Amino acid sequence: MKTFPPERIVCLTEETVETLYILGEQDRIVGVSGYAVRPRGVRQEKPRVSAFTSADIPRILALQPDLVLTFSDLQADIAAELLREGIAVMGYNQRDLHGILAMIRHLGATVGQEAKAAQLVDHYRDRLAQVAANAAGKPRPKVYFEEWDEPMISGIGWVSDLIEIAGGQDAFPELATKDKARDRFVTSEQVIAAAPDIIIGSWCGKKVRPEKIAARPGWDAIPAVRDNRIHEIKSPLILQPGPAALTDGLDAIVAALA
């Protein structure tokens with residue numbers, strides 16, 4: 001890294017963008033992912049330099065970043081290419097609530113806002129605790145969260161954590177600890193056998209079609225389908241492991257369970 005704290009940061013996923021804005025350090029951001037939509041207007045304010053699994057390396061290099069922030073093994077090839085070009089890269093890999101909170105604190109410390117990031121994490125912890133307290137003692141419906149439809153992928157760790165905090169039971173908690181999407185594939189027969197009370201869909205990049213879910217063979221026997229309890233949560237709210245999931249994403253789960 002040429003300077004510390006870094007003055008020019010490229011964020012290749014949304015959650016680090018939102019975190020830096022919340023910390024008041026948005027002026028350090030010189031490039032973002034095309035999927036960054038929070039806060040509103042960010043794609044007009046900042047140059048877009050990547051999708052999720054692909055990036056415009058020459059454009060990133062032209063921005064002369066001190067640091068590039070990536071997420072997960074899915075961006076490992078991008079990170080490797082940037083490292084070979086001499087760029088400092090921080091690859092986050094948070095997959096559950098503890099990881100999200102740790103990312104916020106680490107990023108805050110990286111930009112000289114350690115105390116402010118710690119206060120933000122404390123705020124989120126208090127908020128999560130309050131939501132959990134509100135749900136205590138109430139019936140806990142079983143929830144099938146569908147991250148993708150073809151193939152069907154059940155929810156990742158932080159989604160499972162938020163379902164439990166909101167007062168639900170994850171239909172496939174044993175899969176939520178699996179980092180890779182391919183390890184969270186489920187079959188139609190498994191979902192029917194799980195008999196979820198509520199289905200929540202969030203298909204990254206495309207609209208959830210409740211009528212298509214309800215029309216799947218044999219799914220008319222599922223309580224969620226029978227009772228018309230199929231909901232969509234927009235992917236920027238819940239599939240980004242950062243502030244959005246802890247706030248609007250959690251609120252959307254609470255509303256779906258109500």
Side-chain angles (χ1 to χ4, degrees), residues 1-2 6-21 26 28-95 99-100 103-104 106-107 110-111 146-159 178-185 201-208 232-245 249:
M1 198 180 304
K2 297 175 182 177
E7 296 175 357
R8 300 178 62 80
I9 300 175
V10 169
C11 303
L12 299 188
T13 53
E14 188 275 339
E15 65 279 353
T16 51
V17 173
E18 185 173 13
T19 299
L20 288 170
Y21 268 85
Q26 63 270 19
R28 298 180 189 272
I29 302 173
V30 296
V32 300
S33 161
Y35 286 101
V37 295
R38 294 169 64 97
R40 184 173 299 186
V42 65
R43 292 196 294 179
Q44 286 71 49
E45 295 176 12
K46 306 293 183 179
R48 285 171 279 175
V49 298
S50 73
F52 185 57
T53 58
S54 63
D56 187 335
I57 300 298
R59 191 172 189 194
I60 292 173
L61 296 177
L63 292 171
Q64 298 183 307
D66 301 311
L67 178 66
V68 175
L69 303 176
T70 70
F71 170 69
S72 90
D73 56 299
L74 295 175
Q75 293 190 329
D77 290 343
I78 300 171
E81 190 167 354
L82 289 168
L83 287 167
R84 284 192 288 267
E85 293 290 343
I87 301 298
V89 177
M90 174 63 209
Y92 288 111
N93 223 349
Q94 68 274 19
R95 306 300 180 114
I100 292 174
M103 177 277 290
I104 292 170
H106 183 275
L107 182 53
T110 300
V111 296
E146 188 170 278
E147 190 176 304
W148 193 248
D149 61 331
E150 295 178 350
M152 290 184 290
I153 304 175
S154 64
I156 198 168
W158 70 82
V159 174
K178 308 294 185 182
D179 290 349
K180 294 179 173 57
R182 66 172 179 266
D183 295 327
R184 289 181 278 111
F185 289 175
S202 187
W203 303 341
C204 188
K206 67 178 181 180
K207 181 176 175 57
V208 171
E232 178 183 22
I233 298 178
K234 300 296 185 182
S235 58
L237 301 185
I238 194 66
L239 296 184
Q240 307 283 0

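Just so you know, residue 1 is the first one in the sequence shown, and it goes up from there. Quantities reported herein were computed from a predicted structural model and do not represent experimental measurements.
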Quiz prompt | Test log, rule side-chain contact (heavy atoms from CB on, under 4.5 Å), inputs Leu82 and Ile57 | solution = CA-CA 7 Å; Leu82 289 168; Ile57 300 298; 4.0 Å; yes
[X] [atom1] to [Y] [atom2] distance, which is reported to the nearest 0.5 Å:
X: Leu20; Y: Leu107; atom1: CG; atom2: CG; value: 4.5 Å
X: Glu15; Y: Gln94; atom1: CD; atom2: CD; value: 5.0 Å
X: Thr19; Y: Leu69; atom1: OG1; atom2: CG; value: 9.5 Å
X: Ile9; Y: Gln26; atom1: CD1; atom2: CD; value: 11.5 Å
X: Thr110; Y: Met103; atom1: OG1; atom2: CE; value: 11.0 Å

Quiz prompt | Arg8 vs Arg28, side-chain contact (heavy atoms from CB on, under 4.5 Å): CA-CA, chis, key distance, verdict | solution = CA-CA 5 Å; Arg8 300 178 62 80; Arg28 298 180 189 272; over 6 Å; no
Check whether any side-chain heavy atom of [X] lies under 4.5 Å from a side-chain heavy atom of [Y], and answer yes or no.
X: Gln75; Y: Thr53; result: no
X: Lys234; Y: Lys207; result: yes
X: Val68; Y: Leu12; result: yes
X: Pro58; Y: Ile60; result: no
X: Val30; Y: Val10; result: yes

Is it the case that over 12 heavy atoms from other parts of the model lie below 6.0 angstrom from the [atom1] atom of [X]?
X: Asp77; atom1: CG; answer: no
X: Tyr92; atom1: OH; answer: yes
X: Lys46; atom1: NZ; answer: yes

Smallest separation among heavy atoms of [X] and [Y], with atom names:
X: Trp148; Y: Cys204; result: CZ3-O, 3.2 Å
X: Cys11; Y: Thr16; result: CB-OG1, 3.4 Å
X: Ile100; Y: Gly242; result: CG2-CA, 3.8 Å
X: Leu67; Y: Met90; result: CD1-N, 3.9 Å
X: Ser202; Y: Val208; result: N-CG2, 3.8 Å
X: Ile233; Y: Gly249; result: CD1-O, 4.3 Å

Quiz item: In terms of side-chain geometry, is the basic nitrogen of Arg184 or Glu147 positioned less than 4.0 Å from the acidic oxygen of its partner?
Solution: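 Judged by the 4.0 Å cut-off on N to carboxylate O distance, Arg184 and Glu147 do form a salt bridge.
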Exercise. Answer yes when Lys206 and Asp149 have at least one side-chain N-carboxylate O distance shorter than 4.0 Å, and no when they do not.
Key: yes
Practice problem: Evaluate side-chain contact (heavy atoms from CB on, under 4.5 Å) for Ser72 paired with Asn93, printing each intermediate quantity in order. | Solution: CA-CA 5 Å; Ser72 90; Asn93 223 349; 3.6 Å; yes
Quiz item: Are Val32 and Val49 close enough, and set up right, to give a side-chain contact (heavy atoms from CB on, under 4.5 Å), and what steps lead you there?
Solution: CA-CA 6 Å; Val32 300; Val49 298; over 6 Å; no
Check for a donor-acceptor pair, side chain of [X] on one end and backbone N or O of [Y] on the other, with a separation under 3.5 Å.
X: Asp66; Y: Met1; value: no
X: Asp73; Y: Ala76; value: no
X: Arg48; Y: Gly31; value: no

Quiz item: Between Glu146 and Trp203, does any side-chain donor sit less than 3.5 Å from a side-chain acceptor?
Solution: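 Checked: Glu146/Trp203 side chains pair up, N/O donor to acceptor below 3.5 Å.
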Exercise. Anything under 30° is parallel, anything over 60° is perpendicular, the rest tilted; go ahead and classify Phe52 against Phe71.
Key: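 Answer is tilted, since the angle falls between 30° and 60°.
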Self-check item: Trace of the side-chain hydrogen bond (donor to acceptor under 3.5 Å, both in side chains) decision for Glu45 with Tyr21
Solution: CA-CA 12 Å; Glu45 295 176 12; Tyr21 268 85; 2.6 Å; yes
Self-check item: Candidate list Val89, Ile29, Ile87, test side chain to side chain contact (heavy atoms under 4.5 Å, CB included), partner Pro65, passing option
Solution: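 Of the listed residues Val89, Ile29, Ile87, the side chain to side chain contact (heavy atoms under 4.5 Å, CB included) partner of Pro65 is Ile87.
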Quiz item: Would Asp183 and Arg95 count as a salt bridge (Lys or Arg N to Asp or Glu O under 4.0 Å) if you check the C-alpha gap in whole Å, the side-chain angles of each, and the deciding distance to 0.1 Å?
Solution: CA-CA 14 Å; Asp183 295 327; Arg95 306 300 180 114; over 6 Å; no
